[in-house]
Asker: 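Input: one structure, supplied below.
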Amino acid sequence: MKNRLPVFAPLETDRTPTEDPDFSIEELQLASRNRGMPLEALRYDVTPTGLHYLLTHFDIPAVRAKRFRLELRGLVGRELTLGLADLMARPSVTRRVTMECAGNGRAGMRPRPRSQPWLLEAIGTAEWTGTPLRALLEEAGVGAGALEAVFTGLDAGMEADEVQRYQRSLAVADALDEGVLLAWAMNGEPLPPQHGGPLRLVVPGWYGMASVKWLARIELAPRPFEGHYMVGTYRYAVGEGELGEPVTRQRVRALVAPPGMPDFYTRMRLVPAGPVLLEGRAWAGAREVVRVEVSTDGGATWAEARLEPAAAACCWQAWRFDWQARPGRATLMVRATDDGGERQPLEPVWNRHGMGNNAVQRVDVIVA
Ligand SMILES: Nc1nc2c(c(=O)[nH]1)N[C@H]1C(S)=C(S)[C@@H](COP(=O)(O)O)O[C@H]1N2
Ligand SMILES: [Mo]
């Protein structure tokens with residue numbers, strides 16, 4: 001891949017968090033490029049490909065599969081350059097993985113970080129087919145001084161006053177996790193352009209930013225990588241100029257498929273009185289969800305939902321709850337607890353990039 005990027009003067013964009021309650025045209029522009037999974041799709045075990053959420057920072061590159069090459073460089077015993085056919089000839093596995101954007105819930109923070117304004121829909125589960133990264137790294141040979149693997153996508157654009165490629169790194173130990181895949185198929189079909197075709201990284205249990213799309217280069221490096229998507233964002237930073245802890249694995253969260261039917265414009269839910277089956281999904285990155293509780297009275301009382309085990313590691317779990325809906329208004333809430341004892345907070349925990357907001361969902365319902 002070409003390494004030289006052009007230089008442009010900064011655009012002097014103001015992206016400080018805002019108290020303005022009105023969403024901007026820039027946010028609308030991002031929201032219509034990066035669509036979410038409609039929450040009624042929580043009813044599918046595997047999200048149909050066209051309903052899976054999307055997050056792309058720059059433009060979706062048009063990559064010709066025939067000419068595509070993956071470069072493995074840096075502190076390896078043997079550098080490799082592989083075409084898609086070379087990769088597909090290697091042992092392949094299919095994994096069902098729940099992916100969530102680290103910015104999911106950002107629009108619910110006050111003041112509001114200025115970025116893709118996700119409500120709660122930056123989520124999806126897919127069956128990814130590819131070859132384990134671990135075997136490829138072992139074949140090439142991980143050099144003694146290798147600390148991190150740096151993954152580079154083919155897309156480029158300007159952010160933080162600089163033209164850059166989308167790049168993320170993983171500690172070598174995390175890159176060697178047996179779950180990490182170089183994926184060329186999604187739900188049994190060739191990986192579509194918007195999801196990173198022809199080749200992407202899939203890092204199960206992590207927020208989506210780790211799963212680099214249009215993956216063209218892997219470099220084993222002797223020191224921590226300090227690209228923008230490692231230090232300038234994807235950090236739990238609060239104060240301006242503060243670095244903050246890195247964002248890594250998904251925090252525990254449950255969502256409910258909104259019951260009944262919606263009012264078109266407000267999306268208010270309209271539910272006939274009587275027995276209502278509430279259903280949804282819960283996940284916790286690499287951890288297991290051990291409890292899902294539902295409140296149908298705005299958080300005054302909570303009752304335990306029936307929770308299914310996960311179909312695979314790093315895959316969401318189905319839950320169900322029988323609700324007797326009585327006429328009037330109700331606020332439904334659902335919260336999950338993982339096997340490490342982490343439970344979703346009732347209110348957002350603020351940080352300046354709007355990361356990891358796993359505050360409980362509230363769904364307002366009119367029962368007739
Ligand atoms: N090359 C590249 N990879 C990328 C991104 C990107 O903008 N460019 N976005 C990341 C982010 S923030 C997320 S949440 C996931 C989204 O993957 P999806 O669009 O397939 O759902 O891709 C990640 N990989
Ligand atoms: Mo993301």
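Indexing begins at 1, ligand by ligand and atom by atom, following the structure's order. This chain uses plain numbering: 1 for the first residue, then up along the sequence.
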Asker: Are the side chains of L255 and I123 in touch, meaning some heavy atoms are under 4.5 Å apart?
Answerer: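 L255 vs I123: side chains touch.
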Asker: Which bit of A122 gets closer than 4.0 Å to ligand 1, counting heavy atoms only: side chain, backbone, both or neither?
Answerer: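 For A122, no heavy atom sits under 4.0 Å from ligand 1.
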Asker: Any chance you could lay out the side chain to side chain donor-acceptor pair (under 3.5 Å) test for R106 and S115, step after step, and finish with the verdict?
Answerer: CA-CA 8 Å; R106 175 182 289 130; S115 186; 3.3 Å; yes
Asker: Evaluating non-hydrogen atoms only, which member of M209, Q194, R168 is closest to atom 11 (C) of ligand 1?
Answerer: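 It is M209 that holds the nearest heavy atom.
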Asker: Mark yes or no for whether E293, through its side chain, and A305, through its backbone, hold a donor-acceptor pair below 3.5 Å.
Answerer: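 The answer is no, because no donor-acceptor pair under 3.5 Å joins these two groups.
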Asker: Does G103 offer a backbone N or O that forms a donor-acceptor pair with the side chain of Q116 under 3.5 Å?
Answerer: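 It does not hold such a pair.
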Asker: Would you call Y234 a ligand 1 contact, heavy-atom distance under 4.0 Å?
Answerer: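 Y234 counts as a contact of ligand 1 under the 4.0 Å cut-off.
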Asker: What are the atoms of ligand 1, with element, lying closer than 4.0 Å to any heavy atom of V212?
Answerer: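 Result: 3 (N), 24 (N).
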Asker: What are the atoms of ligand 1, with element, lying closer than 4.0 Å to any heavy atom of W214?
Answerer: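 Within the 4.0 Å cut-off of W214, ligand 1 contributes 1 (N), 2 (C), 8 (N).
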Asker: Hey, does L55 come in under 3.5 Å of ligand 1, counting only N/O atoms on both sides?
Answerer: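 Such a contact does occur with ligand 1.
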Asker: Please list, in number order, the atoms of ligand 1 under 4.0 Å from a heavy atom of L54.
Answerer: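 Those atoms are 19 (O), 21 (O).
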Asker: Could you check atom 19 (O) of ligand 1 against the protein and tell me its nearest heavy-atom contact, residue, atom and distance included?
Answerer: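 Here the closest protein heavy atom is K213 NZ, 2.6 Å.
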Asker: Considering only non-hydrogen protein atoms, determine which one is nearest to atom 8 (N) of ligand 1 and report residue, atom name and distance to 0.1 Å.
Answerer: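 Protein heavy atom at minimum distance: D155 OD2, 2.6 Å.
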Asker: Measure the distance from atom 15 (C) of ligand 1 to every protein heavy atom, then report the residue, atom name and distance (to 0.1 Å) of the closest one.
Answerer: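 Result: G208 O, 3.4 Å.
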Asker: Ignoring hydrogens and angles, state whether a donor on the side chain of T125 or T98 is under 3.5 Å from an acceptor on the partner side chain.
Answerer: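 There is such a pair between these side chains.
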Asker: When you measure from atom 22 (O) of ligand 1 to each heavy atom in H52, R200, M99, which option holds the nearest one?
Answerer: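 The option holding the nearest heavy atom is R200.
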Asker: Would E159 and Y229 count as having a side-chain donor-acceptor pair, cut-off 3.5 Å?
Answerer: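 There is such a pair between these side chains.
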Asker: Could you tell me how the ring of H52 sits relative to the ring of W128: parallel (under 30°), tilted (30 to 60°) or perpendicular (over 60°)?
Answerer: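 If you compare the ring of H52 with that of W128, the planes turn out perpendicular.
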Asker: Need the ligand 1 atom indices (1-based, order shown) with element for anything under 4.0 Å from a heavy-atom of C101.
Answerer: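 Contacts of ligand 1 toward C101, numbered from 1: 14 (S).
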Asker: Non-hydrogen atoms of S211 versus ligand 1: any pair closer than 4.0 Å?
Answerer: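 Yes, that is the case, since the closest heavy atom of the residue is under 4.0 Å from the ligand.
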Asker: Does any part of the side chain of M99, heavy atoms only, come nearer than 4.5 Å to the side chain of Y207, both counted from C-beta?
Answerer: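 Contact flag for Y207/M99 side chains = no.
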Asker: Ignoring angles and geometry beyond distance, decide whether H195 reaches within less than 3.5 Å of ligand 1 through its nitrogen or oxygen atoms.
Answerer: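 Yes, H195 has an N/O under 3.5 Å of an N/O on ligand 1.
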Asker: Side chains of T13 and R114: is there a donor and an acceptor less than 3.5 Å apart?
Answerer: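 Note: T13 and R114 side chains miss the donor-acceptor criterion.
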Asker: Can you find a heavy atom in the side chain of E71 that is under 4.5 Å from one in the side chain of I218?
Answerer: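 Heavy-atom side-chain distance check fails, nothing below 4.5 Å.
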Asker: Nearest non-hydrogen atom to atom 2 (C) of ligand 1 belongs to which of Y53, W206, Y166?
Answerer: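 Considering heavy atoms of Y53, W206, Y166, the nearest to atom 2 (C) of ligand 1 sits in Y166.
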Asker: Under 4.0 Å from a heavy atom of T56: give me the atoms of ligand 1 that qualify, with their elements.
Answerer: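 Once the distances to T56 are compared, the set is 7 (O).
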